[in-house]
Amino acid sequence: MGREDPPGNGFISDPSQGFGDETLHLNIGDGFSSDEDDAEMLYSYGRPRTPRHQPHSIWPVMLSMVTVVVVVGTVVVLSDTLESDTYQIDRACLDGFNVADHLGTDSPYPEPSETKWIGNKCNLIHVSTIARGGLKNPTETVIQNLDQLENWIHANIESEAEKIQWLKTWKNKYNEGDAGLLSVVGERSFRDIGRRMREIYARHLKVTQGDPILVRSTQDQRTSASAEAFLFGFFGLPWKNFTTVDNVSKGNDAVLKYTDRCHVFTELNSEVTSANIHQEELHLEKVARKVSKDLDAASTMKVEDINAVIDGCILEVAELGRSDRFCSLIAPEDWLFREALREDGSVYSQAHKLYPFLPRPLWEDLLVSLQSCVNGEENCQKLDMRFGTENALVPFLLSMDLHGKDCPGTISALAPVSANVAFELYDDCKPDGDVGEKQNDDDDDDDDDDASQFIIRIRLNERYVEKVPICGDKAYCTMGEFEEFIKSKFSSEDEWEQQCEDVVTSRRPLELLT
């Protein structure tokens with residue numbers, strides 16, 4: 001179940017900041033179930049946060065087998081009662097702690113309580129979106145771990161404490177038949193996203209059945225099924241019955257699976273995964289001992305068992321909108337430690353530092369779509385929708401250098417399940433001065449008009465980014481600024497391919513985060 005809008009999430013500015021925005025209030029339903037009991041649990045996760053203090057980066061540096069320096073995590077001061085003085089987390093990070101905000105790329109999608117659009121002051125001519133797949137069913141490995149956890153519970157939990165009676169009767173309901181496929185929750189989430197985007201874009205873009213739109217997906221079932229669910233919500237019809245979309249185009253992996261084409265990324269992924277598995281196992285062994293002791297268990301959990309507890313938490317948050325069962329077995333500080341380890345030690349964070357050129361194919365594809373509409377070309381699509389995996393979306397979002405969080409949780413906020421980013425292209429806009437007003441045809445300086453009349457606004461997970469770092473922290477980008485960012489940050493296709501083929505040992509060491 002989705003979360004409500006958390007205030008001060010680090011990416012959206014105060015709603016009082018205006019850009020000629022007209023607010024469209026949405027009547028958000030459950031999104032996952034018509035049961036009244038489930039509906040009562042909607043929005044149980046978006047508790048207000050207190051201001052965060054700047055974290056201190058003092059985690060150790062690890063060397064991989066090929067002498068690549070890997071930063072294991074950014075951490076902040078928590079308590080002198082932790083077992084290792086290596087790990088420190090700021091106490092302020094525990095204020096208003098909500099585990100749903102700290103599950104990394106498994107965090108639930110934060111449904112918006114309202115949606116803004118520029119209104120009638122500017123002319124919306126094109127929208128490009130990039131999304132990752134929705135929530136998937138547990139994989140075979142997760143299901144097997146849940147089975148093992150069920151057996152461990154029955155063999156080791158004898159306590160009559162009321163707070164854990166639910167655990168003694170819990171049974172794993174998942175089977176391997178649909179393992180790893182888009183779940184019912186994931187499908188409904190994308191239908192809801194499609195419906196909300198229809199309310200904003202369909203009438204302003206004046207999309208009809210005869211209009212050109214482009215829908216692209218990787219060949220993964222999860223992402224192509226997410227695209228189909230989105231289209232069903234957007235058009236209000238089964239996508240196969242919509243005449244202008246005869247199929248969800250697959251086979252676009254050169255753009256949407258660019259990380260698979262980049263040798264240095266795949267090598268780094270292997271190295272970082274190996275290093276992180278060891279570090280995470282050490283942490284989870286400590287957590288397993290703590291949880292086993294709290295449950296007064298006859299024997300200590302294994303790492304696989306505590307991983308099953310984590311997966312149980314992810315599933316209960318996503319499917320039931322609650323965090324008072326499996327999630328509550330693990331202490332908030334241990335959730336934060338796990339997230340910090342995964343976040344700053346992830347391949348995405350490492351690649352962002354080592355290989356800033358990585359998401360070039362996706363940026364170039366986006367630029368081509370925007371320029372075709374700016375230039376009034378025949379192949380301009382009113383809607384250009386891309387559906388890929390987190391491997392495509394997370395490096396892309398990190399390259400935008402959006403303002404993150406002081407505490408662990410940046411990737412959780414950027415790229416939860418069903419995460420999406422939309423680039424809205426407007427013409428006849430005057431971005432400075434009288435914001436949002438249309439240009440006069442008799443302006444004297446035609447060159448300046450041409451440079452300023454096209455502007456881009458960005459929505460991250462359906463919310464406007466009010467400060468866009470790549471465009472001077474403004475609420476918008478001019479087309480010129482956008483083009484300059486891409487040209488200055490990314491090399492040519494030939495250079496990209498050469499950079500991706502560079503031998504691993506030639507990589508520069510990653511410096512400590514300070």
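Nothing fancy with the numbering, it's 1 onward along the sequence.
Within the 4.5 Å cutoff, side-chain heavy atoms of C500 are placed close to those of F357. Inter-residue side-chain proximity for V215 and F387 is flagged as met; some heavy-atom pair is nearer than 4.5 Å. Two residues are said to be in side-chain contact when any heavy atoms from C-beta on lie closer than 4.5 Å; F396 and V421 meet this criterion. Between L367 and E483 the shortest side-chain heavy-atom distance falls below 4.5 Å. L124 has its side chain out of reach of L425: every pair of non-hydrogen atoms, C-beta onward, lies at least 4.5 Å apart. Residues R132 and T223 are not in side-chain contact: their nearest non-hydrogen atoms beyond the backbone lie 4.5 Å or more apart. The closest side-chain heavy-atom distance from I200 to R196 is not below 4.5 Å. Residues L358 and C262 meet the side-chain proximity criterion, which asks for heavy atoms closer than 4.5 Å.
Although no hydrogens or angles enter the test, the distance criterion places a donor-acceptor pair under 3.5 Å between the side chain of E343 and the main chain of G409. A donor-acceptor distance shorter than 3.5 angstrom exists from the side chain of S226 to the backbone of R222, with no hydrogens or angles considered. Distance alone, capped at 3.5 Å, places no donor-acceptor pair between the S189 side chain and the V185 backbone. Not one N or O on the side chain of T105 forms a donor-acceptor pair closer than 3.5 Å with the backbone of A415. A donor-acceptor pair under 3.5 Å links the side-chain atoms of H102 to the main chain of P408, judged by distance alone. Judged by distance alone, the side chain of Y109 and the main-chain N or O of A419 form no donor-acceptor pair under 3.5 Å. Listed for the R198 side chain is a donor-acceptor partner under 3.5 Å among the backbone atoms of G233. Proximity of a side-chain donor or acceptor of N461 to a complementary backbone N or O of N420 within less than 3.5 Å is detected. For the pair S349 (side chain) and G345 (backbone), a donor-acceptor distance under 3.5 Å is absent.
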Step by step, work out the side chain to side chain contact (heavy atoms under 4.5 Å, CB included) result for L256 and L362. CA-CA 7 Å; L256 295 175; L362 195 48; 4.1 Å; yes
CA sep, side-chain torsions, deciding dist, call: L370, H126, side chain to side chain contact (heavy atoms under 4.5 Å, CB included): CA-CA 7 Å; L370 294 169; H126 169 82; 3.6 Å; yes
Could you please spell out the steps behind the side chain to side chain contact (heavy atoms under 4.5 Å, CB included) verdict for I456 and M479? CA-CA 7 Å; I456 299 165; M479 190 62 192; 3.8 Å; yes
Apply side chain to side chain contact (heavy atoms under 4.5 Å, CB included) to the pair E424 and Y464, showing each step before the final yes or no. CA-CA 10 Å; E424 303 172 350; Y464 275 131; 2.6 Å; yes
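By the 4.0 Å N-to-carboxylate-O rule, D365 lies close enough to R216 to be salt-bridged with it. With respect to E495 and R360, no salt bridge is recorded, no charged nitrogen being found less than 4.0 Å from a carboxylate O.
The cationic atom of R457 (NZ for Lys, CZ for Arg) does not lie both less than 6.0 Å from the six-membered ring centre of Y426 and within 45° of the ring axis.
Atoms NZ and CG, on K257 and D220 in that order, are 3.5 Å from each other to the nearest 0.5 Å. To the nearest 0.5 Å, the span separating SG on C471 from CD on E484 amounts to 11.0 Å. For the atom pair NZ of K382 and CD1 of I125, the computed distance is 10.5 Å after rounding to the nearest 0.5 Å. In this structure, L181 CG and Q221 CD are separated by 4.5 Å, a value rounded to the nearest 0.5 Å. Rounded to the nearest 0.5 angstrom, L336 CG and C407 SG are separated by 7.5 Å. Atom CG in L398 sits 7.5 Å away from atom OG in S346 (nearest 0.5 Å).
Between F265 and Y348, the ring-plane angle classifies as parallel under the 30° and 60° cut-offs. Using a 30° and 60° split on the angle between ring planes, F485 and F482 fall in the tilted class, from 30° to 60°. Ring geometry for F423 versus W363: interplanar angle over 60°, hence perpendicular rather than tilted (30 to 60°).
Smallest separation of non-hydrogen atoms from S217 and A227: CB-CB, 4.5 Å. Closest of all the heavy-atom pairs between I470 and C477 is CG1-SG, 4.4 Å. Summarising the geometry of S369 relative to S372, their closest heavy-atom pair is O-OG, 2.7 Å, with the distance given to 0.1 Å. Across all non-hydrogen atoms, the minimal contact from G388 to T218 is CA-CG2, 3.8 Å. Between V417 and D106, the shortest heavy-atom contact is CG1-CA, 4.3 Å. For the residue pair A422 and T129, the shortest heavy atom distance occurs at CB-CG2, 3.9 Å.
For the residue pair N391 / T389, no side-chain donor-acceptor distance below 3.5 Å is found, with atom types taken as modelled.
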